[in-house]
Peer 1: 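Below you will find the structure I want to go over with you.
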Amino acid sequence: MNTSNFDIKNVTVIGAGTMGNGICHVFAQCGYQVSMLDISQEAMDKAKITIGKNMDRQVAKQTLTEEAKIEALARIATFTDMGEAVKNADLVIEAATENINLKTKIFEQLDQLAPANCILATNTSSISITRIASHTKRMGKVIGMHFMNPVPVMRLVEIINGYATDKEVTNVIHDLSKKLGKVPCVANDFPGFISNRILMPMINEAILSLQEGVAGVEEIDTIMKLGMAHPMGPLQLADFIGLDTCHSILNVLYQGFGNQKYAPATLLTNMVQAGFLGVKSGEGFYKHNPNSKELVVSERFTNK
Ligand code: CAA
């Protein structure tokens, strides 16, 4: 395999949210120079604290030394100016909010500001790679690099080829994912790719089952946890991912395939409209207390 046209050393990650900070964490831990870019310095300061805390868990488990943690954190620089953040980048990974207009605007700017040989990857969970790439003049160097949450723990990287992605670029990202200790799997550019084409209908079906009164929150999640050995039940997972994110991915599937089977459950739509988004808002199917690991079903779904 010839990957000689690309030598990935400097990586820029756009977005300091959950996915962005997890991606920075993994690259910095693996020895890459990381530039974190966000419009909010405060969000990046918070992200660095989160990365430090997550690395502390690894130190406590002796999977990382205190010294390696300090070195890794020192490899992460923060920027609010895109030109500065990408001027030496070999790879940019965009992990901004899941919004097509925002992403296409970011890629237009990246195409202008990043070095000509820089690979532009997106961590999108459902937006078309081909559509994002069409906003650049380097469609061959645009690719999907979809990490899973929590990024330091989950082993998968779903790599998505856009219609015009160069084979060599796919190979580079495949090798790089392995260097990060991940298992890469390549998919093509169809709505939801593989991960969310399969995951989201399961989550939606769990919400429809709740909506129809087939069973309660705890029963649905326990059946899937104990019966299918899932680490989290589908309703807990929906809260963890964010109900707004689930809703928007289901809409991408629904519109992309034009098939009613992907239409978001009305209960999900209502919860999103009312601002009950799961972990990030403090309540979804469960009540979430950042200081407690106890799972408490929201009283909207109990008879109490
Ligand atoms: N960084 C580093 N380590 C972390 C971490 C983080 N952010 N989060 C958790 N960990 C570690 C913990 O230290 C712990 O390590 P040990 O077991 O070695 O002690 C381990 O991960 C498990 O964590 P916890 O004990 O806190 O909790 P848990 O056993 O309940 O596991 C979980 C938590 C890993 C999140 C597990 O519940 C799980 O795998 N859930 C499913 C996650 C999933 O499906 N993710 C994909 C979502 S879909 C997506 O991301 C993409 C999309 O497009 C929507």
Side-chain angles (χ1 to χ4, degrees), residues 15-30 46-64 68-69 72-73 93-99 103 122-129 144-160 180-183 185 187 191-204 206 221-222 224-226 228-253 264 268 277-280 284 286 288-295:
T18 309
M19 297 308 286
N21 83 53
I23 297 168
C24 289
H25 174 143
V26 169
F27 274 100
Q29 192 186 325
C30 293
K46 264 170 108 177
K48 279 198 82 170
I49 292 170
T50 303
I51 295 170
K53 282 189 184 156
N54 285 332
M55 285 185 177
D56 283 338
R57 300 189 200 211
Q58 295 167 285
V59 173
K61 281 183 296 180
Q62 297 180 330
T63 55
L64 189 72
K69 174 193 124 180
L73 287 172
I93 304 172
E94 170 276 316
T97 309
E98 200 67 356
N99 173 308
K103 287 197 195 274
T122 170
N123 180 57
T124 181
S125 47
S126 63
I127 295 171
S128 162
I129 309 304
M145 194 174 187
H146 185 202
F147 291 83
M148 304 291 134
N149 184 20
V151 180
V153 178
M154 304 301 282
R155 293 186 63 212
L156 178 72
V157 176
E158 184 179 38
I159 297 174
I160 307 104
L180 297 175
K182 304 289 185 194
V183 178
C185 285
F193 322 131
I194 287 296
S195 52
N196 282 316
R197 180 173 180 162
I198 296 173
L199 175 65
M200 287 302 154
M202 182 190 73
I203 287 177
N204 202 36
D221 275 355
T222 304
M224 297 306 288
K225 266 199 293 197
L226 302 187
M228 284 69 187
H230 291 190
M232 286 175 169
L235 300 173
Q236 187 190 356
L237 183 57
D239 271 9
F240 179 66
I241 293 168
L243 300 193
D244 51 344
T245 304
C246 295
H247 190 259
S248 107
I249 297 172
L250 279 161
N251 272 325
V252 168
L253 293 171
L268 175 63
L277 307 180
V279 176
K280 68 174 92 165
Y286 295 88
H288 301 279
N289 173 352
N291 302 318
S292 160
K293 278 187 83 175
E294 199 197 345
L295 260 187

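Whatever order the structure lists them in is the order used to number ligands and atoms, beginning at 1. All of these numbers come straight from a predicted model, not from anything done at the bench. All residue numbers refer to positions in the sequence shown, counting from 1.
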Peer 1: I'd like to know if the side chain of Asp221 reaches the main chain of Leu235, judged simply by a donor and an acceptor atom lying under 3.5 Å from each other, with no hydrogens or angles considered.
Peer 2: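 Yes; at least one donor-acceptor contact below 3.5 Å.
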Peer 1: For the side chain of Glu94 and the backbone of Lys103, is there at least one donor-acceptor N/O pair under 3.5 Å apart?
Peer 2: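 No, the answer is negative, given that no donor and acceptor are paired below the 3.5 Å cut-off.
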Peer 1: Quick one: which ligand 1 atoms are inside 4.0 Å of a heavy atom on Pro152?
Peer 2: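 Those of ligand 1 that fall under 4.0 Å from Pro152 are 1 (N), 2 (C).
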Peer 1: Contact between ligand 1 and Lys293 is defined here as a heavy atom of the residue under 4.0 Å from a ligand atom; is it met?
Peer 2: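 Lys293: in contact with ligand 1 (<4.0 Å).
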Peer 1: Considering non-hydrogen atoms of the protein only, which is the closest contact for atom 35 (C) of ligand 1, and what is the distance?
Peer 2: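 Scanning the protein heavy atoms, the shortest distance from atom 35 (C) of ligand 1 goes to Pro150 CD, 3.7 Å.
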Peer 1: Heavy-atom distances under 4.0 Å decide this one: backbone, side chain, both or neither, for Met154 against ligand 1?
Peer 2: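 Side chain only; the backbone of Met154 stays clear of ligand 1.
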Peer 1: Below 4.0 Å, non-hydrogen atoms only: which portion of Lys61 touches ligand 1? Side chain, backbone, both or neither.
Peer 2: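 Only the side chain of Lys61 comes within reach of ligand 1.
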Peer 1: Do protein heavy atoms approach atom 17 (O) of ligand 1 to less than 4.0 Å?
Peer 2: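 There is no protein heavy atom less than 4.0 Å from atom 17 (O) of ligand 1.
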Peer 1: If you define the side chain from C-beta out and look only at heavy atoms, does anything of Ile127 sit under 4.5 Å from Thr122?
Peer 2: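 A side-chain contact under 4.5 Å is absent here.
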Peer 1: So which heavy atom in the protein is nearest atom 48 (S) of ligand 1, and how far is it from that ligand atom?
Peer 2: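 Closest protein heavy atom to atom 48 (S) of ligand 1: Ile241 CD1, 3.8 Å.
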Peer 1: Could you list the atoms of ligand 1 found under 4.0 angstrom from a heavy atom of Asn196?
Peer 2: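 In order of number, 52 (C), 53 (O), 54 (C).
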Peer 1: Answer yes or no: is there a donor N or O on one side and an acceptor on the other, between the side chain of Asn123 and the main chain of Gly20, under 3.5 Å?
Peer 2: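 Absent.
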Peer 1: Quick one: which ligand 1 atoms are inside 4.0 Å of a heavy atom on Pro231?
Peer 2: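 Counting atoms of ligand 1 from 1, those under 4.0 Å from Pro231 are 38 (C), 39 (O), 40 (N), 41 (C).
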Peer 1: Can you find a side-chain donor-acceptor pair between Thr63 and Gln58 that sits under 3.5 Å?
Peer 2: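 Result is no, nothing qualifies.
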Peer 1: I'd like to check atom 28 (P) of ligand 1 in this structure: does the protein have a heavy atom lying under 4.0 Å from it?
Peer 2: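 No.
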Peer 1: Work out which heavy atom in Met232 is nearest to a heavy atom in Lys225; give both atom names and the distance.
Peer 2: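 So the two residues come closest at C-CG, 3.7 Å.
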Peer 1: Kindly state if atom 52 (C) of ligand 1 has a protein heavy atom within a strict 4.0 Å cut-off, that is, under 4.0 Å?
Peer 2: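 It does: a protein heavy atom is found less than 4.0 Å away from atom 52 (C) of ligand 1.
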Peer 1: For ligand 1, which is the ligand I care about here, please tell me if Arg57 has any N or O atom under 3.5 Å from one of the ligand's N or O atoms.
Peer 2: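 Such a contact does occur with ligand 1.
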Peer 1: Which option, Asn54, Thr63, Asn149, owns the non-hydrogen atom nearest atom 1 (N) of ligand 1?
Peer 2: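 It is Asn54 whose heavy atom sits nearest to atom 1 (N) of ligand 1.
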Peer 1: Does Ser125 offer a backbone N or O that forms a donor-acceptor pair with the side chain of Glu98 under 3.5 Å?
Peer 2: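 At least one qualifying donor-acceptor pair exists.
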Peer 1: Checking Asp244 against Lys280 for the side chain to side chain contact (heavy atoms under 4.5 Å, CB included) test, could you report, in this order, the C-alpha distance in whole Å, the side-chain angles of both residues, the deciding distance, and whether it holds?
Peer 2: CA-CA 10 Å; Asp244 51 344; Lys280 68 174 92 165; 2.8 Å; yes
Peer 1: I'd like to check whether His25 has a polar contact with ligand 1, where a contact means an N/O of the residue lying under 3.5 Å from an N/O of the ligand.
Peer 2: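 No; the residue has no nitrogen or oxygen that sits under 3.5 Å from a nitrogen or oxygen of the ligand.
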Peer 1: Does ligand 1 have an atom under 4.0 Å from some heavy atom of His230?
Peer 2: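 So His230 does not count as touching ligand 1.
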Peer 1: Answer yes or no: is there a side-chain heavy-atom contact under 4.5 Å between Ile194 and Cys185?
Peer 2: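 SC-SC contact between Ile194 and Cys185 ruled out.
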Peer 1: Does the side chain of Asn54 reach to within under 4.5 Å of the side chain of Pro150, using non-hydrogen atoms?
Peer 2: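 The answer is no, as the side chains (C-beta and beyond) never meet within the 4.5 Å cut-off.
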Peer 1: Quick one: does Val252's side chain get under 4.5 Å of Met200's, heavy atoms only?
Peer 2: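 The answer is no, as the side chains (C-beta and beyond) never meet within the 4.5 Å cut-off.
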Peer 1: Determine, counting only non-hydrogen atoms of the protein, whether one lies under 4.0 angstrom from atom 22 (C) of ligand 1.
Peer 2: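 It does not; no protein heavy atom is within 4.0 Å.
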Peer 1: Closest non-hydrogen protein atom to atom 49 (C) of ligand 1, residue and atom name please, with distance?
Peer 2: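 Result for atom 49 (C) of ligand 1: Met148 SD, 3.8 Å.
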Peer 1: Could any protein non-hydrogen atom be found less than 4.0 Å from atom 45 (N) of ligand 1?
Peer 2: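 Yes.
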Peer 1: If you measure from each non-hydrogen atom of Met232 to ligand 1, which part falls under 4.0 Å: side chain, backbone, both or neither?
Peer 2: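 Just the side chain.
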Peer 1: Counting only heavy atoms from other residues, nucleotides and ligands, does the tally under 6.0 Å from NZ of Lys46 exceed 12?
Peer 2: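 Not more than 12 within 6.0 Å, no.
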Peer 1: When you compare ligand 1 with Thr245, is there at least one nitrogen or oxygen pair between them that comes in under 3.5 angstrom?
Peer 2: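 In this structure, Thr245 places no N or O atom under 3.5 Å from an N or O of ligand 1.
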Peer 1: Given Val153, Val26, Leu64, Leu295, which has its nearest heavy atom closest to atom 34 (C) of ligand 1?
Peer 2: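 The nearest heavy atom belongs to Val153.
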Peer 1: Does a side-chain heavy-atom distance below 4.5 Å link Thr124 with Ile129?
Peer 2: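 Yes - at least one pair of side-chain heavy atoms lies under 4.5 Å apart.
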Peer 1: Any protein heavy atom lying closer than 4.0 Å to atom 32 (C) of ligand 1?
Peer 2: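 Protein heavy atoms within 4.0 Å of atom 32 (C) of ligand 1 - there are none.
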